[in-house]
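Lettering of chains follows the sequences in order, A, B, ..., and the numbering in each one begins at 1.
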There are 4 protein chains.
Amino acid sequence: MEMSEEIATTAGWREFGDDALSPPLRAALGVFARHGYHGASIRMIAEAAGLSVPGLYHHYRSKQAILAALVDTAMAEMLANTAAAADDAGDDPVTRFENVVECLARFHMARRDQAFVASTEMRSMEPEVRAHHVGQRDAQQEMIEDAIRAGVDSGDFACEFPEDAARAIASLCVSIANWYRPDGPLSADDVVCRHVEFARRLVGAAAR
Amino acid sequence: MEMSEEIATTAGWREFGDDALSPPLRAALGVFARHGYHGASIRMIAEAAGLSVPGLYHHYRSKQAILAALVDTAMAEMLANTAAAADDAGDDPVTRFENVVECLARFHMARRDQAFVASTEMRSMEPEVRAHHVGQRDAQQEMIEDAIRAGVDSGDFACEFPEDAARAIASLCVSIANWYRPDGPLSADDVVCRHVEFARRLVGAAAR
Amino acid sequence: MEMSEEIATTAGWREFGDDALSPPLRAALGVFARHGYHGASIRMIAEAAGLSVPGLYHHYRSKQAILAALVDTAMAEMLANTAAAADDAGDDPVTRFENVVECLARFHMARRDQAFVASTEMRSMEPEVRAHHVGQRDAQQEMIEDAIRAGVDSGDFACEFPEDAARAIASLCVSIANWYRPDGPLSADDVVCRHVEFARRLVGAAAR
Amino acid sequence: MEMSEEIATTAGWREFGDDALSPPLRAALGVFARHGYHGASIRMIAEAAGLSVPGLYHHYRSKQAILAALVDTAMAEMLANTAAAADDAGDDPVTRFENVVECLARFHMARRDQAFVASTEMRSMEPEVRAHHVGQRDAQQEMIEDAIRAGVDSGDFACEFPEDAARAIASLCVSIANWYRPDGPLSADDVVCRHVEFARRLVGAAAR
DNA sequence: GATGAATGAGCATTCATTCAT
DNA sequence: TATGAATGAATGCTCATTCAT
């Protein structure tokens, strides 16, 4: 079965291949991750991108536009893959929930810097950009909540406060981006495995 | 039994009263929380503190020194209170674990801005300051891990990876500072209650 | 008698028809008039002209060349028409003087922006361009002076300082470009009528 | 009779002594006059003032604030002196008119650069600054108009369009700042003398 | 302690201009 | 001809910090 590189299909949600970032965007990502939005200067970004300063401005209208493009790209990819992960599960609420958690965990490892910047720089976003980002965050939260509620409804989960559990699970996955290192002691599959188990416990799924 | 305001005694770990912040430090806290370290200027801080710029420098040697003082104060308080919470539990490993989690949760609500700044601005700390901070973070992590291991050893917890669970619990508590609002729908006790339950589930404590 | 559109003949000096400005020049004129030479950017001009930036450079070598072309075109037209106006008067010094003033007034209404830019941006001209422009200004001044002196010689004017009077009349006409609006309360003929009368009084012409 | 340096009294309106400009303002005045507002850079001004760039900003909030201060100071002085000149004339409308014109002419020589910048940089003023400036210009215009109308009412002047004559006189005086040089062939008294005579002719005053 | 005045270095952004395509 | 991409130098302005008073 064919799948395009960019758009996650039902089957492809586990793979986060090459980020499709333009060179300036990739350069900015590293600089933002290391120094923060306000600690990063346009000169740093231009240098990292191998461009002159006006060369960088030729591609992006402003520093804020770079942040916006970066964050939107990442969030859109996450939402698309998470939706695919949910779809891929068919009718079983438990599998659906596990898929969503796995996808979130994988995203926060594969797109570590993007996720970190997105979660860290909300306060650096101008109102319009922030509003868009918040919308995407809410959509993600809702997907988790829906998966939990489906499990509760089916009797598979024992979870009194689905909303709080969803937030806890999201926090857990987001925080992966803070500490996970590809060359660290845990493999990506280890991390996935443990976080799916954490999530199962948080929603009171029966032991497997 | 009386206790001093600042130092948590065995009994007082639940109360986070007035932060003992000097006015310039309190001003800086708000500015850092809203704008981030690099987004905050000395002028903003001085103005928020009702001081002239050199007046501010009279109290603190540099912007970095302000950040260091802010973060150290907060972490020290957290460690002291968590230690008191653990001591207060006597010999029961489950109670000890629950106390530690409760204390962490309460700290991240009562010292929301401090916790947020400390967790967010690690990359803005100069090496020495960062090293000190990392030491404090590790000490906190260890207290959680110890509490988990004690419960595992006593047979109260079913937890295969205590280190990962400790990190998960810490992440959960830290993230409270991101979303909790004193005037929000959940009371502090609600938040504590839910997070203790989340933590119990994460370590596989038997249902109460 | 037919006349070409561009070159004022003895009879046509009252009509300032379509300025023969190329589209980029016309665009630049508006931008220079609104923002001044230094406040205008090549990008503004290119956009106003519906051209790309290099497209604009295809037509004009530099921003300075645009200014030079604009100003020279306007001054040349003014000089040609003023000469025609003087010629058109035949031998009567009073009529000749009145024609010159009328022509100047009409020019500063019909070519408001050009006149404004020319008078305002002398300091923005590079030496060579400025020298050329100053030559044109002097030629204009001389035409007024000559007309005055002829009237003085014939006994029609009572004017002690023809040079100063000529400068005053020129200032008066130039300043029309600052305030005249085609849709304002005064018609072009009103303005002409009043300024011819002002000029007559300045040179001490006998009342008509 | 005593008079302060700054405030023109009834007797002192002919003297424009030391402009009371602060050093940065005086420096800015020269740079604005030579290069225009947009052609002048903050660095030029700072250098001319013998200050560093932030040193300049210590005194003035922005480039625009410098322009505003410069223009307001000049216009206020002009208005005060013109009012004093009118008052000084007692009840004679002709003298009052002559005094007003003389004062205007003297101002545009003594405050050549200020007047030039004020008249030239209207388009560089931000709306609020411009509105204030326009108010001052209108006040000046009105003083001339009032003087003319008084002379018309008394039968001393034969002037059909006082408003247009007032504008012409103002234009004439303003334009002095364009060409007058203290070391030129005409003394200040020469210039005053000629312009008062020009103004008298423009309003149709009887020959003296 | 506080303040007014100052500064070198840096900020995001834009400038006029060029050149390969 | 027109364009997309690029650039060195400059723009107005702010930074953290210092110091004489």
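- Pairing of E/dG10, defined by two Watson-Crick or G-U wobble distances under 3.5 Å, is identified with F/dC13.
- Nucleotide F/dT17 holds its C1' atom 12 Å from the CD1 atom of B/Ile66, rounded to whole Å.
- Distance alone, capped at 3.5 Å, is enough to place a donor-acceptor pair between the B/Ser119 side chain and the B/Phe116 backbone.
- In summary, the side chains of D/Tyr60 and D/Ser22 do present a donor paired with an acceptor at a separation below 3.5 Å, with no hydrogens or angles considered.
- Judged purely by atom type and a 3.5 angstrom limit, C/Glu121 has no side-chain atom pairing as donor or acceptor with the backbone of C/Leu67.
- Atom CZ in A/Arg61 sits about 14 Å away from atom C1' in E/dT14, given to the nearest Å.
- Following rounding to the nearest Å, A/Leu56 (CG) and E/dC11 (P) show an atom-to-atom distance of 14 Å.
- If you take OH of A/Tyr57 and P of F/dG8, they are 16 Å apart, rounded to a whole angstrom.
- Residue-to-nucleotide proximity on DNA chain F shows that, of A/Gly50 and D/Gly39, the 5′-proximal contact is made by A/Gly50.
- Taking the charged nitrogens against the carboxylate oxygens, D/Arg111 and D/Asp19 have no contact shorter than 4.0 Å, which rules out a salt bridge.
- Between A/Ala40 and C/Gln64, the residue whose closest nucleotide on DNA chain E is further toward the 5' end is A/Ala40.
- With F/dG8, F/dC13, F/dT3 as the choices, the nucleotide that has an atom nearest any side-chain atom of A/Pro54 turns out to be F/dG8.
- In this structure, D/Ile42 reaches the sugar-phosphate backbone alone: every heavy-atom distance under 4.0 Å involves primed, P, OP1 or OP2 atoms, never a base.
- We find that OH of D/Tyr60 is positioned 11 Å from P of E/dA5, with the value rounded to whole Å.
- Contact annotation for D/Ala65: no contact, since no heavy-atom pair falls under 4.0 Å across all strands.
- In this structure, the CZ atom of A/Arg43 is 14 Å from the P atom of F/dT7, given to the nearest Å.
- A/Leu51 places its CG atom 14 Å from the C1' atom of F/dG8, with the value rounded to the nearest Å.
- In this structure, B/Ser41 does not reach the F/dT14 phosphate: none of its side-chain N or O atoms is under 4.0 Å from OP1 or OP2.
- Residue-level contact check: D/Ala46 touches neither bases nor backbone, having no heavy atom under 4.0 Å from any strand.
- Considering only the side chain of C/Ser62, E/dT17 comes nearest among E/dT17, F/dT17, F/dG12.
- Position along DNA chain F of the nearest nucleotide to B/His38 versus D/Val53 favours D/Val53 as the more 5'-ward residue.
- For the pair A/Gln114 (side chain) and A/Met75 (backbone), a donor-acceptor distance under 3.5 Å is absent.
- Side chain to side chain, A/Asp72 and A/His133 fail the donor-acceptor criterion of an N or O pair below 3.5 Å.
- Closest approach to the B/His59 side chain among E/dA12, E/dA2, E/dA16 is made by E/dA2 (side chain taken as heavy atoms from C-beta onward).
- The distance between atom NE2 of D/His35 and atom P of F/dA10, rounded to the nearest whole Å, is 14 Å.
- Figure legend. F/dT21 is base-paired to E/dA2; pairs are counted as Watson-Crick or G-U wobble with both atom distances under 3.5 Å.
- Residue contacts shown for D/His58 include a base, since a base heavy atom lies under 4.0 Å away.
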